[in-house]
S.K.: 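This is the structure, below, for whatever I ask next.
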Amino acid sequence: MEPKIKETSWNPEIEKQILKQWEDSKAYEFRLEGDVFVIDTPPPYPSGRPWHIGAAAHYAQIDMIARTARMQGKNVLFPIGIDRNGLPVELYTEKKYNIRMHETDRAEFLNLCSTALNDLEAEMIQIMKSLGLSGNFSEYYRTDSEQYRSLTQATFIELWKKGMVYIANRPNNYDWVTGTTIADAEIIYEEIPTKLVYMKFKIKDSDMILTIASTRPELLCACQAIIVNPDDERYSSVIGKSAIIPVINREVQIRTHPSAEKEFGSGAVMACSYGDQNDVALFRELKLEEIVAIGKNGRMTEVAGAYSGLKIKQAREKIIEDLQNQNLVEKIENINHRTPISERSKIPIEIIAMEEYYLKQKESVEKIKELGSKIVFHPSMHKQILMNWLESITIDWPISRRRFYGTEIPIWYCKKCSEPHVPEPGRYYRPWKDPSPISKCTKCGATEFVGEERTFDTWMDSSVSPLYVSKYNKDKEFFKKTYPASIRPQSKDIVRTWLYYTVLRCEQLTGMTPWKDAWIMGYGVDEHGAKMSKSKGNVVDPLPVIQKFGADTFRFWSASEINLGYDFRCSEQKIETTKKFLSKLWNISRFLSGFPIIKSATTTPTDNWILSELDKVVSECRKGFEDYNFFVPSTSIREFTWNLFAAHYIEMVKGRAYSTGFSEEERDAAIFTLHKVLSTLLALLAPITPFITDYLWQQIQYSDKTVHKEKFPQAENPQDWTRFTKPITEFNSNIWNKKKEQNLSLKDAIEVEIPEDLHQFAKDLKAMHNLKP
RNA sequence: GGGUUCAUAGUCCAGUUGGUUAUGACGUCGCCCUUACACGGCGAAGAUCCAGGGUUCGAAUCCCUGUGGACCCA
């Protein structure tokens, strides 16, 4: 019989035709009716070539979630967004044009950023499409669009009116070269050689000398306490006494705190505003009054006395010199110090108190814990990341940034009395250039205003993504049916940020959890298990891989290689070998496509056995799909298809299907079963490898429409025949071995007794191995 | 320093509530064109299940201690 399928292997080029077919038929269009399934898709950030292969694998799996839900009969809202706010594009633009953001015209700088993003975005969308994502590309959103930013601003205004926002003067990471507060995420750490200076402090009203080691002697003038460990017996006699700061000649108290390590330096440390983050915590905890020793220009302030006006480094050298001249230095060690560096200017950051806006979060922690416990995490172990984070929240969230490419904080200040005013929500506001929408100061009645220049932390935008896709404040009917969303897929490393902030803000705004499920994926690492980075040169670019092997190969690799929630290794070689399975599937289909489709038949024991094994696969797959864990179905299908269906069943019934020595009924039963198994496998695989399954489905003509409109298969056979699997496969192996031992070809006849328990399969076994009667 | 997590053949991975001989794949080595497939088939070799201790009739699996790695936070 002529097979309907001619070629002997799957050609990934066909994917392009199929993609077009889906697009033309609007196969994945969302309808707001029936059972609605909403995905809070993570909008990827277009950070430049190559797109991380782990991210591509991640999105392939999110699409599997969408397709699974669709085959369960749901209407799936699968939005596609692009995250465009924030630091990376600013850095990219500064580097590309060799300019500095704060020294460039703001409007011009924004334009450059936007253009850069457009190029990077276009390529990203192309990759997402070619991966076969069934998302809503025709209405993809951008987080820097007027629509999106006006939502961010509206939610801010709403919280402002609820009294959730306040302004406070607190120490922050500060990069004095570029003149901006920066987030922790923008700090990198480097081991830098530095001097650890052991300085002599006199104890007041005694002859005792207390030695204190510090890498920041220039901050002596900002010292407000000496700290020793409460268990450190060397210092128990001086606790509560005062010490005299050398050179500065000011008294400070000696106190205890567990953060003072006995082994570091002399065991006694000075708390200055601010040497590092620990100092910040100490000042807060011990309620010390801060002394501003370093100005925003990176120079010592007046409190530094003789050192005032000097740059930090100069001041350090000068004060060491003075200490030595006055014999106040015990010794100096050269050490490597893990120093926080600004990612942007590569200089050590300073911690300086600045006025910033804060969103209250401390009082929401209990409520978030409650909501968090109701969200179903996949895998469940990653819920712990959120819970641990909630335990460690001690301060409110600083939300203002001194950046350009972000959503503007919609505030205008009265020129006369400085009273801040927020406008009405609904529009997109740019206070740095827009005329004030406020006409009269509510406090003093003045009529002139100055716009705020700062922007929001980008998580302020990202954290309202479920509200955006559900048309919050825009379409009540739509919102009601699509919020809370069904699932938030995202990666493990941003649970503390994106996931947490989303729950926080959605709770504050709607009182509800933003989604029912959270699906947390691990990182893609290189083939040796190391993190990929451009500097290490171990980055794998997904684009050529997809072009070479096809999206389905990439997707199947992603499904079968990644166990949900765990890190996974990426290597081109592994992806390549995955393609073999698609070839296998293709050839099985090619073989079957030569036989007519038979709708029903009276099956034989051999048929019942494989159908029973098929049912087992179906059940396992359904379990995996329900948990959105595609590792389970993909590996289970591959094993069944290759090692049972192809290797044993097809070989066993080949003779019967060709009808040599069998009745018509027996032949029909074989053909029926072959098609039953294959069509079930294609449907099960459809969410994972949508191209090849759809193509084969339509070529063999299992139905006249796409496989993606099918319902998921269910286990159908009540009788369990799987106890025969082992005897059958062992029997077949035995014969193959025997023929090999006797140097026989597989088609040569052989005399072998069929064991008692396999008698009901005898006819097929005889035909398969050419057993002598 | 705190937390999460992992540890099974040369490599990657499975092992559900503890139960005969530890799963599969890649790679290696042999043989083989067998009416779907050489991008294939069959076979073989390859594991003190990280170490030590405990619970148990029985532990890769449960508990404790340790070691090593990855990541997050400080």
Side-chain angles (χ1 to χ4, degrees), chain A residues 1 3-11 184-185 189 258-259 261 263-264 276-278 280-281 338 340 379 381-389 391-394 491-497 520 522-523 525-531 549 553 557 560-563 565-571 573-595 620 623 627 631-632 634-636 638-640 642-648 650-651 654-655 657-658 660 674 678 726 732-741 743-748 768-770:
Chain A
M1 256 170 284
K4 294 191 194 97
I5 295 164
K6 307 272 184 270
E7 301 77 13
T8 56
S9 70
W10 164 240
N11 177 8
D184 291 347
Y189 286 87
S259 71
E261 287 173 51
E263 289 76 26
F264 180 79
D276 57 24
Q277 283 296 340
N278 191 46
V280 177
R338 193 158 166 268
M381 67 176 178
H382 285 332
K383 179 179 281 193
Q384 204 52 39
I385 304 176
L386 174 66
M387 292 306 169
N388 290 347
W389 176 240
E391 288 300 330
S392 68
I393 288 172
T394 53
S491 80
K492 185 170 87 175
D493 52 340
I494 51 176
V495 169
R496 286 152 193 264
T497 48
I520 312 294
Y523 320 96
V525 294
D526 79 357
E527 52 191 320
H528 306 293
K531 198 171 183 172
F549 307 118
T553 299
W557 164 78
S560 61
E561 186 73 14
I562 302 173
N563 208 345
Y566 293 91
D567 293 355
F568 54 96
R569 303 194 177 200
C570 307
S571 83
Q573 196 228 331
K574 276 221 147 168
I575 297 170
E576 184 171 7
T577 53
T578 304
K579 189 164 182 266
K580 288 185 179 179
F581 173 67
L582 299 190
S583 284
K584 192 75 192 174
L585 187 69
W586 177 272
N587 276 298
I588 290 168
S589 306
R590 188 164 81 99
F591 172 58
L592 289 205
S593 73
F595 296 99
E620 271 168 35
K623 223 185 276 170
D627 197 27
F631 183 84
V632 173
S634 60
T635 49
S636 146
R638 179 170 55 192
E639 242 176 273
F640 169 82
W642 213 316
N643 299 337
L644 280 183
F645 184 51
H648 294 277
I650 292 185
E651 294 304 327
K654 216 179 246 175
Y658 282 123
T660 37
L674 285 167
L678 180 62
K726 216 176 169 194
N732 289 337
S733 258
N734 258 335
I735 297 199
W736 286 325
N737 263 330
K738 276 201 174 117
K739 287 195 172 176
K740 180 166 286 237
E741 279 164 22
N743 236 345
L744 294 172
S745 155
L746 285 180
K747 59 185 173 187
D748 290 340
M768 172 184 185
H769 296 296
N770 194 10

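Just so we're on the same page: letters track the sequence lines, and every chain starts at 1. Quick caveat: nothing in here was measured; it's all calculated off a predicted structure.
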S.K.: Using a heavy-atom cut-off of 4.0 Å across all strands, would you classify Ile385(A) as base, sugar-phosphate, or nothing?
M.R.: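 Since no nucleic acid heavy atom lies under 4.0 Å of Ile385(A), the category is nothing.
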S.K.: What does Glu651(A) touch in the nucleic acid at a heavy-atom separation under 4.0 angstrom: a base, only the sugar-phosphate, or nothing?
M.R.: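 Base contact.
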S.K.: Base, sugar-phosphate alone, or nothing: which one does Ser733(A) contact when heavy atoms must sit under 4.0 Å apart?
M.R.: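 The answer is sugar-phosphate, as Ser733(A) gets under 4.0 Å only of primed atoms, P, OP1 or OP2.
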S.K.: Measuring from the side chain of Asn388(A) (C-beta onward, heavy atoms only), which nucleotide among C42(B), G3(B), A36(B) has the closest atom?
M.R.: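 The answer is G3(B).
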S.K.: At under 4.0 Å between heavy atoms, what does Tyr523(A) touch on the DNA or RNA strands: base, sugar-phosphate, or nothing?
M.R.: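 If one applies the 4.0 Å heavy-atom cut-off, Tyr523(A) turns out to touch the sugar-phosphate alone, with no base involved.
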S.K.: Counting heavy atoms from C-beta on, name the nucleotide in C39(B), G41(B), G3(B) closest to the side chain of Lys579(A).
M.R.: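 The listed nucleotide nearest to Lys579(A)'s side chain is C39(B).
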S.K.: What one-letter contact string describes nucleotides 17-24 of chain B from 5' to 3', where B marks a base within less than 4.0 Å of any protein heavy atom, S marks contact via sugar-phosphate atoms alone, and - marks no contact?
M.R.: ------SS
S.K.: Would you mind classifying the nucleic acid contact of Asp493(A) as base, sugar-phosphate or nothing, using non-hydrogen atoms under 4.0 angstrom?
M.R.: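 Here Asp493(A) touches no strand at all.
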S.K.: Within the 4.0 Å heavy-atom criterion, would you say Ala647(A) contacts the bases, only the backbone, or no part of the nucleic acid?
M.R.: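 If one applies the 4.0 Å heavy-atom cut-off, Ala647(A) turns out to touch the sugar-phosphate alone, with no base involved.
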S.K.: Looking across every strand, which nucleic acid part, if any, lies under 4.0 Å from Lys580(A) by heavy atom: base, sugar-phosphate, or nothing?
M.R.: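 Answer is sugar-phosphate: Lys580(A) comes under 4.0 Å of backbone atoms only.
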S.K.: Mapping Lys747(A) and Phe631(A) onto RNA chain B by nearest heavy atom, which one lands closer to the 5' end?
M.R.: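 Nearest-nucleotide comparison on RNA chain B picks Phe631(A).
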S.K.: Do Gln384(A) and Asn388(A) meet the criterion of a side-chain donor-acceptor pair at a distance under 3.5 Å?
M.R.: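 There is such a pair (donor and acceptor under 3.5 Å, judged by atom type) between the side chains of Gln384(A) and Asn388(A).
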S.K.: Could you work out which one of U34(B), C42(B), A36(B) sits closest to the side chain of Lys740(A)?
M.R.: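 So the side chain of Lys740(A) is nearest to C42(B).
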S.K.: Gln384(A) or Trp642(A): which one's nearest nucleotide on RNA chain B is closer to the 5' end?
M.R.: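 Looking at the nearest nucleotide for each, Gln384(A) comes out on the 5' side.
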S.K.: Would you indicate what Lys492(A) reaches in the nucleic acid, counting non-hydrogen atoms under 4.0 angstrom: base, sugar-phosphate, or nothing?
M.R.: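 Nothing, no heavy atom under 4.0 Å.
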